[in-house]
Amino acid sequence: MKTKTIISFLIMIIGVTGLGFIAPWWAGTVWVVLIAAIMRTNKKQGMFTGAFAFGLVWVAMARYMSIQDGVDIISKTGTLLGGLSHQLMMVVTLVIAFITGILSGWLGSALGQTFLPVKREKV
C-alpha cells in the first residue's frame with residue numbers, strides 16, 4: 001500500500017514538472033487525475049499525493065522563476081493584491097497548489113474507484 005503511494009507520488013511529480021514547463025497550468029491537474037485513477041489510490045492517498053506533488057513542484061517552479069525575474073513581476077503583483085510581500089506571494093502559490101492538488105487527487109481516486117473497479121477472484 002505504501003509502495004503504491006510513493007510510486008504514484010513520484011510519477012505525479014515528474015509529470016507535473018514536465019507539463020509545467022511546456023503546457024498550460026491545468027495540464028498538471030489532468031495528469032494528477034489520470035495517475036490517481038490509474039493507480040487506483042483511495043481518496044486519502046490521492047488527495048495527499050496530489051497536494052504534496054503540486055505544492056512541491058509549484059513552489060520550486062515559482063522560486064526558479066522568481067530568481068530569473070529581472071523586472072520584479074512577483075513583487076508588483078503582490079502590490080496589486082494589497083501589498084503582499086514576495087514571501088507571502090510564495091505562500092499564496094503554495095496554498096493554491098495544495099488546493100488544486102487535493103481536488104485533482106480526490107477526483108482521480110473517485111474516478112478510479114468508480115470506473116476501474118478492482119477485479120476479485122471468486123473462491
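Position 1 is the first residue of the sequence; numbering continues from there.
I38 is not connected to I14 by any chain of hydrophobic side-chain contacts under 4.5 Å among Ile, Leu, Val, Met, Phe, Trp and Tyr, and they are in different clusters. A continuous path of Ile, Leu, Val, Met, Phe, Trp and Tyr side chains, each step under 4.5 Å between heavy atoms, connects V16 with M65, placing both in one hydrophobic cluster. Side-chain heavy atoms closer than 4.5 Å link hydrophobic residues (I, L, V, M, F, W, Y) into clusters, and following such links, possibly through other members, connects F98 to W58. Taken together through direct or relayed side-chain contacts under 4.5 Å among Ile, Leu, Val, Met, Phe, Trp and Tyr, V91 and F52 form parts of separate hydrophobic clusters. L56 and M12 fall within the same hydrophobic cluster, defined by Ile, Leu, Val, Met, Phe, Trp and Tyr side-chain heavy atoms under 4.5 Å apart, directly or through other members.
Heavy atoms only, all atoms of each residue included: F9 and A53 are closest at CE1-N, 3.5 Å. Shown here for A36 and S109, the closest heavy-atom pair between the two residues is CB-N, 3.7 Å. Nearest heavy atom pair, residue F21 against residue T17, reads CD1-O, 3.3 Å. The two residues G105 and V32 come nearest to each other via the heavy atoms N-CG1, 3.8 Å.
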Next on the checklist: For S66 and M90: C-alpha separation, side-chain torsions, deciding distance, then whether side chain to side chain contact (heavy atoms under 4.5 Å, CB included) applies.
Outcome noted: CA-CA 10 Å; S66 73; M90 292 293 221; 3.8 Å; yes

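To the nearest 0.5 angstrom, W106 atom CH2 is 8.5 Å from L111 atom CG. One distance of note links CH2 of W25 with OG1 of T100; it measures 6.0 Å at 0.5 Å rounding. Atoms NZ and CZ, on K4 and R40 in that order, are 8.5 Å from each other to the nearest 0.5 Å. R63 contributes atom CZ, which lies 8.5 Å from atom CD1 of I74 (distance to the nearest 0.5 angstrom).
The side-chain heavy atoms of I11 and W31, taken from C-beta on, include a pair separated by under 4.5 Å. Two residues are said to be in side-chain contact when any heavy atoms from C-beta on lie closer than 4.5 Å; M89 and L81 meet this criterion. No side-chain heavy atom of I102 sits less than 4.5 Å from a side-chain heavy atom of F54. Counting only heavy atoms from C-beta outward, the side chains of T41 and T5 never approach each other to under 4.5 Å.
A donor-acceptor pair under 3.5 Å is absent between the side-chain atoms of S104 and the main chain of G101, judged by distance alone.
For the side-chain contact (heavy atoms from CB on, under 4.5 Å) with M39, the qualifying choice from T49, I7, L34 is I7, the only one to do so.
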